[in-house]
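Just below is one structure, and these are the notes that go with it.
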Amino acid sequence: MNAEQIIHALGALAQEHRLAAFRLLVQAGPDGLAAGALSEALAIPASSMSFHLAQLGHAGLVTQRRRSRSIIYSANYPTMNGLVGYLMENCCGGATCAPDGGCESGPANERSAA
């Protein structure tokens with residue numbers, strides 16, 4: 001992903017309802033959820049949910065497909081993984097990442113601490 005795509009994706013997630021909807025879609029897995037189910041789960045009016053899902057779609061974070069009369073939304077895992085990968089690129093300045101998500105001590109970290 002390039003910087004413009006990253007900024008667009010982060011901007012789409014920088015809103016409480018969109019972030020909550022995206023997290024629910026990630027948890028739902030590839031089967032996804034209907035827009036109505038998302039709206040109900042988050043107690044958001046359907047028209048507002050449609051707006052938020054459109055914003056996530058424009059950022060490439062969700063995909064949609066029609067199933068009968070419902071539109072099913074799913075997290076776009078390749079885009080999500082690209083975003084996380086971009087944020088984690090060169091994590092810990094070359095040191096090994098610790099299991100807790102922090103950085104283990106290493107030569108690069110010792111130099112920056114001095």
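A quick note: this is a predicted structure, and the numbers were derived from the prediction, not measured. This chain uses plain numbering: 1 for the first residue, then up along the sequence.
- Listed by chain and number, the residues in a ring-ring contact (aromatic ring centres under 6.0 Å, His included) with His17 are His52 (sequence neighbours excluded).
- With contacts defined as side-chain heavy-atom distances shorter than 4.5 Å, the pair Asn76/Leu61 does not qualify.
- Looking only at side-chain heavy atoms (C-beta outward), Arg66 and Ile72 stay at 4.5 Å or farther from each other.
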Candidate pair Leu13 and Leu56, rule side-chain contact (heavy atoms from CB on, under 4.5 Å), full reasoning: CA-CA 8 Å; Leu13 292 171; Leu56 292 169; 4.0 Å; yes
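- In this structure, CD1 on Ile7 lies 11.5 Å from CG on Leu83, to the nearest 0.5 angstrom.
- When hydrophobic clusters are built by joining Ile, Leu, Val, Met, Phe, Trp and Tyr residues whose side-chain heavy atoms come closer than 4.5 Å, directly or via intermediates, Ile6 is grouped together with Tyr77.
- Residue Ser70 holds its OG atom at 7.5 Å from CZ of Arg67, rounded to the nearest 0.5 Å.
- Here the straight-line distance linking atom CD1 of Ile71 with atom CG of Leu38 works out to 12.0 Å at 0.5 Å rounding.
- Inter-residue side-chain proximity for Ser74 and Gln64 is flagged as unmet; no heavy-atom pair is nearer than 4.5 Å.
- Shown here for Ala59 and Ala12, the closest heavy-atom pair between the two residues is CB-CB, 3.6 Å.
- In this structure, Ser50 contributes its side chain and Ala46 its backbone to a donor-acceptor pair below 3.5 Å.
- Atoms OG1 and CD, from Thr79 and Gln5 in turn, are 8.0 Å apart once rounded to the nearest 0.5 Å.
- Scanning all heavy atoms of the two residues, the minimum distance from Tyr86 to Met1 falls at CD1-O, 4.2 Å.
- Atom CG of Leu87 sits about 6.0 Å away from atom CG of Leu10, to the nearest 0.5 Å.
- Transitive grouping of hydrophobic side chains (ILVMFWY, heavy atoms separated by less than 4.5 Å) keeps Phe51 and Leu25 in distinct clusters.
- Looking at His58 and His8, their side chains come closer than 4.5 Å, going by heavy atoms from C-beta outward.
- Side chains of Val62 and Phe22 form a contact here, defined as non-hydrogen atoms less than 4.5 Å apart.
- Note that the CG atom of Leu24 and the OH atom of Tyr73 stand 14.5 Å from one another [nearest 0.5 Å].
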When you look at Met49 and Leu42, which way does the side-chain contact (heavy atoms from CB on, under 4.5 Å) test go after all the steps? CA-CA 9 Å; Met49 189 79 261; Leu42 297 174; 4.3 Å; yes
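- Within a 6.0 Å sphere centred on CD of Glu40, other residues, nucleotides and ligands contribute 12 heavy atoms or fewer.
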